[in-house]
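Taking it in order: structure first as structure tokens, then the write-up.
Quick caveat, the model's predicted, so the values are computed rather than measured. A note on names: the letters A, B, ... follow the listed sequences, proteins ahead of strands, and every chain is numbered from 1.
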2 protein chains.
Amino acid sequence: MEITHEDFKKVETAINDVKEEGRQIRSIFDSYSDENFGIDWEVDAAVDAFSIFSSRWTIEILATLYIAGERRFNEMRKLLRGISSRTLSDKLTKCSESGLVDRVVEDGPPIRVIYRLTDHGRDAGRLLGPLVAYMKIHQDRVVRHSQ
Amino acid sequence: MEITHEDFKKVETAINDVKEEGRQIRSIFDSYSDENFGIDWEVDAAVDAFSIFSSRWTIEILATLYIAGERRFNEMRKLLRGISSRTLSDKLTKCSESGLVDRVVEDGPPIRVIYRLTDHGRDAGRLLGPLVAYMKIHQDRVVRHSQ
DNA sequence: GTATCTAGTGTATAAAATGCACCATAGTGT
DNA sequence: ACACTATGGTGCATTTTATACACTAGATAC
């Protein structure tokens, strides 16, 4: 996807700001490093904080709902090409249980089920956004318009 | 871990800034949504951008090296409690192949192998930082000092 | 000689993801 | 009446991925 120089610069700047933000957060946490809360604790906490995301499709589901807004089961299946309905079903249940996604049943007929991010899920999506944008640029999927 | 009001506020502010940054990036990409680069394309690109992270331990390895700095094989194994040496070995190879991690052999004896983030890996780590901090706060692993 | 450190491999098993068939309910087409 | 579509999934066999645990080789210390 080609975007204008102006927009590219905006995205680049936003990404750089986030890197700086990340650096600051890191340095604050570093300053608390002692015998009780050392590297071990922090790696542990990070692994734990990420445990919900650290299996296939969870982050992808989050990103999809963040990008596409609320969707129904089969719509998600089409968007997430390659996921089996079995896995999608399982993962949506997990996302729902962990408070990232709301499962909303609209009674029909036909009954429709809508999945949408909770506030927590939306926050996570926004925090993930800059990394996704960075990766897209890194992989040349998003490029500056050449004129 | 308890941190001062001041530091808590700094971290909170940084996280909020990143959310806002994420919102802006999203709105820029949204504005390019058309028949060629619609939701389908963007979900695809996001899934693809994240494919390197979307299996267990990859993000944890990244976070560990980001938090702890460069480490040797067995040091990582201790930090990432629960990973098998087999899996760690495989994942480090993948991380190395995908340019996130450098494998540096210091010849001995004994030969020591150091793993460290590449610039790309460090950038990814920094971009991931705010989300990890947000999750830590969300899970009450990092709290404001009660005085 | 035995134990320890290094960075991993080999292999059997367990867990997770996939592919594909299938379910019930309802509506539409011919 | 009969087939076909769409809804949101479940069941089950197969494949892929991760784990547990034993084990390797080269060098040092005891």
Side-chain angles (χ1 to χ4, degrees), chain A residues 43-44 46-48 50-65 68-98 100-117, chain B residues 43-44 46-48 50-65 68-98 100-117:
Chain A
V43 169
D44 247 38
V47 168
D48 204 75
F50 244 92
S51 64
I52 173 65
F53 301 123
S54 80
S55 81
R56 237 197 128 179
W57 295 116
T58 319
I59 278 189
E60 285 90 336
I61 285 172
L62 198 71
T64 302
L65 291 174
E70 56 183 50
R71 294 281 150 163
R72 301 210 310 277
F73 185 84
N74 283 322
E75 288 178 326
M76 297 210 65
R77 200 141 71 96
K78 266 173 227 150
L79 285 170
L80 291 166
R81 283 182 287 161
I83 197 171
S84 66
S85 56
R86 173 53 337 142
T87 308
L88 180 57
S89 173
D90 291 351
K91 292 293 170 179
L92 282 170
T93 303
K94 279 207 172 172
C95 286
S96 179
E97 280 169 4
S98 63
L100 291 167
V101 167
D102 266 341
R103 183 175 184 277
V104 184
V105 182
E106 294 190 333
D107 45 53
I111 290 172
R112 285 161 201 278
V113 180
I114 280 173
Y115 293 94
R116 79 162 63 106
L117 293 182
Chain B
V43 169
D44 249 37
V47 168
D48 205 74
F50 245 92
S51 62
I52 174 64
F53 302 121
S54 79
S55 81
R56 237 197 127 179
W57 294 118
T58 319
I59 278 188
E60 285 89 337
I61 286 172
L62 198 72
T64 302
L65 291 175
E70 58 183 48
R71 294 281 149 162
R72 302 211 308 278
F73 186 85
N74 283 323
E75 288 178 327
M76 297 209 64
R77 200 141 73 95
K78 266 173 228 149
L79 285 169
L80 291 166
R81 283 182 288 163
I83 197 171
S84 64
S85 56
R86 177 31 113 182
T87 306
L88 179 57
S89 172
D90 291 351
K91 293 293 173 181
L92 282 171
T93 304
K94 279 206 174 177
C95 285
S96 180
E97 281 169 2
S98 63
L100 291 167
V101 168
D102 265 342
R103 183 175 183 279
V104 184
V105 182
E106 292 189 334
D107 45 53
I111 291 174
R112 286 163 201 277
V113 180
I114 280 173
Y115 293 93
R116 79 163 61 108
L117 294 183

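With contacts defined as side-chain heavy-atom distances shorter than 4.5 Å, the pair B:Ile59/A:Ile59 qualifies. Counting only heavy atoms from C-beta outward, the side chains of A:Leu65 and A:Arg116 never approach each other to under 4.5 Å. Taking 4.5 Å as the limit, every side-chain heavy atom of B:Lys91 sits out of range of all side-chain heavy atoms of B:Leu88. Using a 4.5 Å cut-off on side-chain heavy atoms (C-beta onward), B:Leu79 and A:Asp44 make no contact. Between A:Arg103 and A:Tyr115, some side-chain heavy-atom pair lies under the 4.5 Å cut-off.
Distance check, rounded to the nearest 0.5 Å: CZ of B:Phe50 to CH2 of A:Trp57 gives 13.5 Å.
Judged by distance alone, the side chains of B:Ser54 and B:Ser51 never bring a donor and an acceptor atom under 3.5 Å apart.
Not one N or O on the side chain of A:Arg81 forms a donor-acceptor pair closer than 3.5 Å with the backbone of A:Lys78. No donor-acceptor distance shorter than 3.5 angstrom exists from the side chain of B:Ser89 to the backbone of B:Ser85, with no hydrogens or angles considered.
Checking C:dA7, D:dG9, D:dA22 against every side-chain atom of B:Ser85, the shortest atom distance belongs to D:dA22.
Shown here are the salt bridge (Lys or Arg N to Asp or Glu O under 4.0 Å) partners of B:Arg86, two or more places apart in sequence or in another chain: B:Asp90. Listed by chain and number, the residues in a side chain to side chain donor-acceptor pair (under 3.5 Å) with B:Arg72 amount to none (sequence neighbours excluded).
Between B:Ile59 atom CD1 and D:dA18 atom C1' there is a gap of 17 Å when expressed in whole angstrom units. Across the protein-nucleic acid pair, B:Arg112 atom CZ and D:dG26 atom P stand 18 Å apart, rounded to whole Å. Between A:Leu80 atom CG and C:dG19 atom P the separation is 13 Å, expressed in whole Å.
Remark: A:Arg72, A:Phe73, A:Asn74 in residues 70-78 of chain A come within less than 4.0 Å of DNA chain D through at least one heavy atom.
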Could you list, one pair per line, each protein nitrogen or oxygen that sits under 3.5 Å from a nitrogen or oxygen of nucleotides 15-17 of chain C, together with the distance?
residue, atom, partner, partner atom, Å
C:dA17, OP1, A:Arg56, N, 3.4
C:dA17, OP1, A:Lys91, NZ, 3.2
C:dA17, OP2, A:Lys91, NZ, 3.1

Review item, nucleotides 13-16 of chain D N/O atoms under 3.5 Å of protein N/O:
none

Please enumerate all protein N or O atoms sitting under 3.5 Å from an N or O of nucleotides 11-13 of chain C, with distances to 0.1 Å.
none

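Shortest non-hydrogen contact noted between A:Leu92 and A:Met76 is CD2-SD, 4.2 Å.
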For this session: Please test B:Ser55 against B:Lys94 for side-chain hydrogen bond (donor to acceptor under 3.5 Å, both in side chains), starting from the C-alpha separation and ending with a verdict.
Result: CA-CA 11 Å; B:Ser55 81; B:Lys94 279 206 174 177; 5.8 Å; no

